[in-house]
> 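One structure is given below, represented as structure tokens, and several questions about it will come after.
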Amino acid sequence: MPEIPKTYEPQKYEDKIYALWEKSGKFNPDNLKLPKNAKSYTIILPPPNITDKLHLGHASIIAIEDLLIRFHRMKGYRALYLPGTDHASIATQNVVDKNSLKEKGLTRHDLGREKFLEEVWKFLRVTQATILKQARKMGGSFDWSREAFTLDEQRKKAVTKMFLDMYAEGLVYRGKRIVNWCPRCKSTLADDEVEYKEETGKLYWIKYGPFVLATSRPETKLGDTAVAIYPGDKRYAKMVGKKFLIPGVLGEFEITVVADKEVDPKFGSGAIKVTPAHDFTDYAISQRHNIAMKQIINEDGKMMANCGKYAGLTTTEARKAIVADMEKMGLIDHIEEGYKHNLATCYRCGTTIEPIPSEQWFLAVDKKLKRFGGKSLKEKALEVAKNGKIKFHPFRFTKRYTDWMSNLHDWCISRQIWFGHEFPVWYKGEGDKKEIFVGEKAPKGKGWVKDPDTFDTWFSSGMWSFSTLGWPACAKASAGKPGKIVKTGDLAKFHPTQVLETGYEILTLWVSRMIMMSLFAINEIPFENVYLHGMVLDQFGKKMSKSKGNGINPVDMIEKFGTDAARLSLLIGSTPGNDMRLSEEKIASYRNFVTKLWNIYRYCVHADNRFALVEKVAKKDLKSLSDRWIVSRLNKTIEEITKNFDEYKFSLAGEALEKFIWNDFADWYLEINKIEKKSKVLGYVLDKILKLSHPFAPFVTEKIWQDMCEGRCILMVEKWPVADKKLIDKKSQVDFASLQQVVTKIRNIRTVYHIDPGKTIQVFAKKAENREVLEKLARIKIELVSKIDAKGIVVAEKNTKLTLALTDLVDMEKEKARLEKEITNLESLIVKTETLLKNKNFVKSAPKEIIMINKSKLKEYSEKLKIQKELFDNLVKLC
RNA sequence: GGUUGCUUAGCUCAGUUGGUUAGAGCGUCACAUUGACAUUGUGAAGGUCAGUGGUUCGAGUCCACUAGCGACCACCA
């Protein structure tokens with residue numbers, strides 16, 4: 001056996017180990033030698049945006065998902081971890097626009113569409129490569145042969161097919177709707193891409209024919225077509241249904257008065273002006289009351305030609321001019337300053353959003369569909385969460401999902417962005433005569449122009465669970481049953497996936513869309529479980545960000561401490577749905593744990609030059625109390641860890657593992673092994689420790705495994721340990737606990753009385769089990785005597801009673817006080833437990849087990865009390 | 001405004017359907033260490049589980065209210 005270095009050096013081994021795994025082909029589940037009926041276990045990586053390299057959040061995602069994958073692979077599942085990246089249309093376009101082009105003083109319009117897209121692809125090739133390299137560094141056991149990109153050829157086919165199917169079903173439609181419009185990006189935004197910023201502005205009270213009403217946007221008056229009041233508002237009841245001529249800056253115009261419950265009678269004067277073309281609420285009111293729409297603001301955010309002398313002004317300029325003119329005309333009642341309201345802005349560039357009517361593609365979430373037996377997409381998507389087909393972890397997110405889903409409006413899926421999936425749509429002609437062609441290929445004939453828009457990025461990422469698994473090629477309509485879909489290939493093997501693991505912040509943005517799209521395309525849920533992790537925060541609880549400079553770069557961290565330490569620190573101490581703090585110190589502490597693991601291995605090999613890993617032990621192999629105890633503890637721990645994994649409690653599993661390895665095995669068993677010197681149990685425990693630790697710390701465990709088996713097998717595909725119930729031995733647990741307590745007590749006495757730790761204490765006993773172990777661990781010398789004459793302190797537990805010859809060194813009064821305190825404590829516990837057991841209500845209603853536990857507790861306390869009292873009396877006699 | 005989460009040791013957090021004397025890591029203090037361990041080991045100190053009330057034989061855990069902090073959603077002209 002070659003000399004093993006003192007510490008594990010991750011930088012030296014990690015890349016080699018990853019290469020070994022990759023070369024083995026076992027990342028691809030098709031290469032796992034499994035029985036035909038082996039179950040699949042699939043996780044598809046939430047595709048990181050190619051806008052930037054991976055951050056700690058991604059590291060945490062990969063740590064969690066890879067843990068699940070490795071655990072299930074070892075358990076004998078057909079484990080597939082499918083990697084990929086997201087083109088993130090708007091985000092990417094803006095990054096290229098802002099960073100690469102701005103330096104040269106260019107905008108994308110200067111370059112033109114084609115040239116610009118070339119720039120985007122150049123940019124994304126670089127970041128994409130970095131991301132994929134990082135994902136390897138983090139140890140993710142990805143099947144690279146199935147790698148996907150949301151904007152590659154396969155996914156283009158999927159998006160086109162999806163749109164055509166939806167169009168055929170009437171699920172997507174072209175409509176003129178009021179949309180969130182960013183005048184800078186020149187694109188629509190989805191509702192959840194709008195960010196609200198609080199702003200202090202003015203509230204204008206304007207004279208409005210027979211009304212006085214309050215508005216923060218007087219310039220929209222040019223587009224007013226109605227006034228709305230709350231139904232039954234006595235102030236205005238008589239006016240409802242009537243038309244009025246209103247004086248305005250461009251002359252008089254006509255409005256209708258309507259009653260609508262969306263109006264808040266307590267706000268302003270209780271009457272509001274209705275501008276259907278430039279306000280969402282007003283649009284909704286106009287729809288309900290059949291009121292005409294008049295657009296006055298264009299796609300540049302400027303006043304349109306129908307605004308007379310204000311045409312061409314921005315909305316801000318127009319507001320100033322119009323207010324000035326209205327003041328001259330005496331139309332302003334008064335102006336309220338310091339009015340706080342929320343301003344809608346673009347989440348990418350911060351520009352103020354203008355609601356304007358625009359022709360867009362929409363997905364009708366409320367349309368009743370034949371394939372769902374008359375249910376809508378929304379209803380189906382709600383159903384699968386409510387009936388538990390899709391489970392959320394933690395559970396409370398079910399409500400967030402269903403609430404959001406119930407309020408969902410038709411989804412605007414077109415974006416005026418260059419970078420993204422193109423619509424398979426062509427137009428011919430203008431205005432009322434405009435013709436639309438929807439199909440895979442351009443229509444024949446002249447004059448057809450392709451729809452310049454691209455899809456909302458979530459449309460393609462919404463298909464991620466099945467577009468990565470061969471859809472649409474792997475889905476055929478069943479010949480026999482209409483509407484029924486027959487899956488083949490990967491889709492049949494791996495869909496639905498088992499877990500979607502992602503941050504709770506995109507639960508609505510992404511998760512909901514995946515559910516809808518999968519239900520529509522293959523009438524199947526995309527995943528069985530949704531596991532939501534929290535955000536990774538810095539040590540002060542602040543969100544990590546580049547501008548603050550408080551971010552920890554996962555690659556730096558990995559270089560410094562190793563991937564295993566990084567993974568452990570991300571997995572242990574974090575719970576689903578809750579944010580976690582991470583500091584370098586925490587990662588360093590797990591680096592120490594990895595070193596500990598390494599040194600356990602080093603000890604084993606040094607202790608015995610024939611040391612080998614052992615698959616199984618029988619009862620007869622367990623020679624001493626410590627053997628029986630550690631093997632029993634180990635099998636208990638196997639049960640515990642497996643159970644915690646199954647329940648998504650990774651942190652608890654990790655803690656149980658750490659406690660076993662460090663506190664039980666290293667601190668106690670190995671110390672005793674130095675005395676007892678046997679290695680079969682050592683080999684057995686190390687074998688299991690490596691397997692149990694592998695999902696958390698894949699590199700160091702594989703490295704040790706490789707060294708031990710000399711490259712003949714790979715830990716990654718070894719079998720997950722199953723607890724051997726026969727080896728769980730309650731008596732050894734009790735006996736060993738007693739031994740530990742005696743040792744601890746003696747050590748404690750040493751500390752309390754400042755006795756040199758090196759000094760061997762003379763001890764007398766009538767009998768002593770595990771004598772050698774006790775002597776070495778507690779640094780005592782036991783002398784067996786039939787009658788104890790010597791003065792000393794007595795230390796006693798269940799099976800052991802020792803008299804320490806320390807009278808001269810110890811302050812007897814202090815020792816008496818110590819015992820008295822313990823006696824009082826025990827007495828109060830006994831009283832408490834007795835009272836409880838005498839309580840008729842308790843005996844009547846508590847479960848039998850609990851009563852039993854309390855009875856045995858009472859017995860235990862009484863025994864302890866008896867021992868302590870004896871010790872005390874003994875001490876009194878001595879003094 | 002609506003929904004939701006958090007408040008447990010100096011710090012960071014566990015605590016699984018209510019049931020041992022409420023746990024861990026880091027930090028602190030003391031001691032030890034040439035023996036597998038960029039250290040590690042041993043021991044100690046440190047908590048009225050945010051507050052109030054309720055349900056229960058029994059509450060850190062369930063309910064109500066209060067306070068502080070956070071997140072998400074909606075957005076009101």
Side-chain angles (χ1 to χ4, degrees), chain A residues 4 6-9 191-192 194 196 203 213-217 220 228 262-264 266-268 271-275 279-282 285 341-342 344 394 396-397 399-400 403-404 407 504-505 507-508 534-535 539 541 572-575 577-583 585-586 588-593 595-607 643-644 647 649 651-652 655 658-659 663 666-667 670-671 674 743-744 747-752 754-758 777 825-826 828-829 832-833 835-837 839-847 849-851 853-854 856-857 860-861:
Chain A
I4 300 166
K6 273 187 142 186
T7 51
Y8 168 73
E9 292 167 80
D191 290 346
D192 36 44
V194 176
Y196 292 89
L203 188 63
L213 40 83
T215 178
S216 63
R217 300 198 61 187
T220 59
E262 207 157 326
V263 179
D264 178 0
K266 276 173 260 157
F267 184 88
I272 64 167
K273 60 190 216 54
V274 178
T275 322
D279 184 284
F280 285 92
T281 312
D282 293 3
I285 293 173
H341 66 123
N342 281 328
R396 67 183 141 88
F397 283 98
K399 187 171 158 39
R400 189 182 282 188
D403 283 355
W404 188 84
N407 292 321
Y504 57 76
E505 70 277 7
L507 176 66
T508 48
M535 270 189 302
Q539 56 185 320
I572 299 178
S574 83
T575 41
N578 296 321
D579 296 343
M580 73 169 305
R581 298 188 186 193
L582 188 70
S583 57
E585 292 85 77
K586 188 177 177 191
S589 76
Y590 282 105
R591 186 263 328 271
N592 293 351
F593 177 66
T595 309
K596 190 82 189 175
L597 201 59
W598 180 257
N599 275 286
I600 286 172
Y601 152 63
R602 193 162 175 254
Y603 170 82
C604 292
V605 173
H606 281 199
K643 185 170 170 268
N644 282 324
E647 290 170 0
K649 289 172 186 162
S651 183
L652 288 181
E655 280 170 50
E658 194 184 347
K659 193 169 152 42
N663 303 115
D667 290 349
L670 291 191
E671 290 309 314
K674 287 174 186 171
V743 172
T744 304
R747 285 169 176 168
N748 184 345
I749 287 169
R750 273 185 203 277
T751 307
V752 172
H754 303 285
I755 299 164
D756 184 351
L777 290 185
N825 181 27
L826 282 166
S828 75
L829 280 171
K832 207 174 138 190
T833 316
T835 317
L836 184 64
L837 286 168
N839 186 329
K840 277 176 194 159
N841 284 323
F842 171 74
V843 179
K844 201 172 69 189
S845 46
E849 296 161 39
I850 299 297
I851 297 173
I853 287 171
N854 276 288
S856 64
K857 249 188 341 191
E860 193 189 316
Y861 294 152

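Letters A, B, ... are given to chains in the order of the sequence lines, protein chains preceding strands, and every chain is numbered from 1.
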> Can you tell me whether the side chain of A:K649 and the base of B:U16 have a donor-acceptor pair closer than 3.5 Å?
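When only heavy-atom distances are counted, A:K649 does reach the base of B:U16 through a donor-acceptor pair under 3.5 Å.
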> Give one of base, sugar-phosphate or nothing for A:F397, where a contact means two heavy atoms less than 4.0 Å apart.
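The answer is nothing, as A:F397 stays clear of every strand by at least 4.0 Å.
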> Is the shortest side-chain N/O distance from A:Y601 to OP1 or OP2 of B:A36 below 4.0 Å?
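So the side-chain polar atoms of A:Y601 never come under 4.0 Å of the phosphate oxygens OP1 or OP2 of B:A36.
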> Is a donor-acceptor contact shorter than 3.5 angstrom present between the side chain of A:E9 and the base of B:A38?
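Check fails, no donor-acceptor contact within cut-off.
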> Both A:I853 and A:S216 contact RNA chain B. Taking the nearest nucleotide for each, which residue is further toward the 5' end?
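The residue closer to the strand's 5' end, by nearest nucleotide, is A:I853.
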> Tell me whether the side-chain N/O atoms of A:T275 come closer than 4.0 Å to OP1 or OP2 in B:A77.
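No, because none of the side-chain N or O atoms of A:T275 sits under 4.0 Å from OP1 or OP2 of B:A77.
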> How far, in whole Å, is B:C11 from B:A50 if one measures between their P atoms?
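Going atom to atom, P in each nucleotide, I get 14 Å.
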> Can you tell me if the side-chain N/O atoms of A:R581 get under 4.0 Å from OP1 or OP2 in B:C13?
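A:R581 to B:C13 OP1/OP2: side-chain N or O found under 4.0 Å.
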> Between B:U21 and A:S828, is there an OP1 or OP2 to side-chain N/O distance shorter than 4.0 Å?
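It does not, given that no N or O in the side chain of A:S828 lies less than 4.0 Å from OP1 or OP2 of B:U21.
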> Counting only heavy atoms not in A:K857 (residues, nucleotides, ligands), do more than 12 fall under 6.0 Å from its NZ?
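For A:K857, atom NZ is crowded (more than 12 foreign heavy atoms under 6.0 Å).
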> Could one point to a donor on the side chain of A:T7 or the base of B:A38 with an acceptor on the other under 3.5 Å away?
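Check passes, donor-acceptor contact within cut-off.
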> With both distances under 3.5 angstrom, what nucleotide forms a Watson-Crick or G-U wobble pair with B:G47?
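B:G47 is unpaired by these criteria.
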> On the nucleotide B:C37, are OP1 or OP2 found under 4.0 Å from the side-chain N or O atoms that A:N592 carries?
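For A:N592, the contact criterion (side-chain N or O under 4.0 Å from OP1 or OP2 of B:C37) is not met.
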> Look at the side chain of A:N839 and the backbone N and O of A:T835, then say whether any donor-acceptor pair between them is shorter than 3.5 Å.
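It does not hold such a pair.
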> Quantified in whole Å, what is the C1' atom distance between nucleotide B:G19 and nucleotide B:A24?
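It comes out at 22 Å once rounded to the nearest Å.
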> Does A:K596 put a side-chain nitrogen or oxygen below 4.0 Å from OP1 or OP2 of B:G41?
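Indeed, a polar side-chain atom of A:K596 lies that close.
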> Starting at atom CZ of A:R747, determine the distance to atom C1' of B:U33, rounded to an integer number of angstrom.
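It works out to 14 Å between those atoms.
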> Ignoring backbone atoms, establish whether A:R602 has a side-chain N or O less than 4.0 Å from OP1 or OP2 of B:U40.
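The answer is no; no side-chain N or O of A:R602 sits under 4.0 Å from OP1 or OP2.
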> Would you say the side-chain atoms of A:N599 pair up with the backbone N or O of A:T7, donor to acceptor, closer than 3.5 Å?
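Such a contact is absent between A:N599 side chain and A:T7 backbone.
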> Looking at A:K6, does any N or O in its side chain come under 4.0 Å of the phosphate oxygens OP1/OP2 on B:C37?
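For A:K6, the contact criterion (side-chain N or O under 4.0 Å from OP1 or OP2 of B:C37) is met.
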> Mind checking A:E671 for me? I need base, sugar-phosphate or nothing, with any heavy atom below 4.0 Å counting as a touch.
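Base contact.
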> A:R750 near the nucleic acid: base, sugar-phosphate alone, or nothing, with a heavy-atom cut-off under 4.0 Å?
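A:R750: no heavy atom of the nucleic acid under 4.0 Å.
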> Under a 3.5 Å cut-off for both distances, is B:C69 Watson-Crick or wobble paired, and to whom?
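Across all strands, the one nucleotide that pairs with B:C69 is B:G5.
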> Tell me the interatomic distance from A:D579, atom CG, to B:G5, atom P, rounded to whole angstroms.
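My rounded result for the distance is 14 Å.
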> Looking only at atom C1', what distance separates B:G47 and B:U7, rounded to whole Å?
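After rounding to an integer number of Å, I get 14 Å for this pair.
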> Which whole-number value in Å describes the distance from A:I851 CD1 to B:C57 P?
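Spelled out: CD1 on A:I851 to P on B:C57 is 14 Å.
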> Could you check A:E655 against A:S651 for side-chain hydrogen bond (donor to acceptor under 3.5 Å, both in side chains), going step by step and ending with a plain yes or no?
CA-CA 6 Å; A:E655 280 170 50; A:S651 183; 3.3 Å; yes
> Reading RNA chain B from 5' onward, which residue's closest nucleotide shows up sooner: A:V263 or A:K832?
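Its nearest nucleotide being more 5', the pick is A:K832.
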> Report the distance from atom CG of A:L582 to atom P of B:G25, rounded to the nearest whole Å.
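Rounded to the whole Å, the gap is 18 Å.
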> Taking B:C37 as the reference, what is the distance to B:U33 when you measure between their C1' atoms (whole Å, please)?
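Each nucleotide's C1' atom is 12 Å from the other's.
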> Is there a Watson-Crick or G-U wobble partner for B:U40 with both distances under 3.5 Å, and if so, which one is it?
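Its partner is B:A32 (Watson-Crick or G-U wobble, both distances under 3.5 Å).
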> So, does A:K659 get its side chain near the phosphate of B:G23, meaning an N or O under 4.0 Å from OP1 or OP2?
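So the side chain of A:K659 is outside the cut-off, no N or O lying under 4.0 Å from OP1 or OP2 of B:G23.
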> Paired with B:A24 by Watson-Crick or G-U wobble geometry, both distances under 3.5 Å: which nucleotide is it?
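Base-paired to B:U12.
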> Base, sugar-phosphate, or nothing for A:L213, non-hydrogen atoms under 4.0 angstrom?
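A:L213: no heavy atom of the nucleic acid under 4.0 Å.
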> Across the strands shown, which category fits A:A607 at heavy-atom distances under 4.0 angstrom: base, sugar-phosphate, nothing?
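Since no nucleic acid heavy atom lies under 4.0 Å of A:A607, the category is nothing.
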> Indicate yes or no for a side-chain donor-acceptor contact from A:N644 to the backbone of A:K649 under 3.5 Å, with no hydrogens or angles considered.
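Not confirmed, A:N644 side chain does not pair with A:K649 backbone.
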> Provide, to the nearest angstrom, the distance between the CG atom belonging to A:L597 and the P atom belonging to B:U40.
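Between P of B:U40 and CG of A:L597: 14 Å.
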> Any side-chain N or O of A:N748 less than 4.0 Å from the OP1 or OP2 oxygen of B:A44?
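Yes, A:N748 has a side-chain N/O under 4.0 Å of OP1/OP2 on B:A44.
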> Please determine, for B:U55, whether a Watson-Crick or G-U wobble partner exists with both distances under 3.5 Å, and give it or none.
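Answer to the pairing question: none, since B:U55 forms no Watson-Crick or G-U pair.
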> Let me know the distance between CZ of A:R396 and P of B:U3, rounded to the nearest Å.
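Distance check: A:R396 CZ to B:U3 P gives 16 Å.
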> For nucleotides B:U52 and B:A67, find the distance between their P atoms and express it as a whole number of Å.
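The same atom, P, in both gives a distance of 15 Å.
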> Looking only at heavy atoms, what is the nearest atom pair of A:L213 and A:A271, with distance?
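The pair with the smallest heavy-atom distance is CB-O, 3.4 Å.
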> From CZ of A:F842 over to P of B:U20, roughly how many Å is that when rounded to an integer?
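In whole Å, B:U20 P lies 11 Å from A:F842 CZ.
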> B:G18 and B:G54: how far apart are their C1' atoms, nearest whole angstrom?
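The same atom, C1', in both gives a distance of 15 Å.
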> Mind checking the OG1-CZ spacing from A:T595 to A:R602? Nearest 0.5 Å is all I need.
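Taking OG1 in A:T595 and CZ in A:R602, the distance rounds to 11.5 Å.
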> What is the nucleic acid contact for A:D282, judged by heavy atoms within less than 4.0 Å: base, sugar-phosphate only, or nothing?
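Contact class for A:D282: none.
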> Using the C1' atom in both, what is the distance from B:U3 to B:G60, to the nearest Å?
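The answer is 25 Å between these two C1' atoms.
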> Would you say A:N854's side chain and A:I850's backbone share a donor-acceptor pair under 3.5 angstrom?
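It does hold such a pair.
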> With rounding to the closest Å, how many angstrom separate the C1' atoms on B:C65 and B:A71?
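Their C1' atoms lie roughly 23 Å apart.
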> Would you say B:A36 has OP1 or OP2 under 4.0 Å from some side-chain N or O of A:K674?
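Yes, A:K674 has a side-chain N/O under 4.0 Å of OP1/OP2 on B:A36.
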> NZ of A:K857 versus P of B:U21: gap in Å, rounded?
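Taking NZ of A:K857 and P of B:U21, I get 4 Å after rounding.
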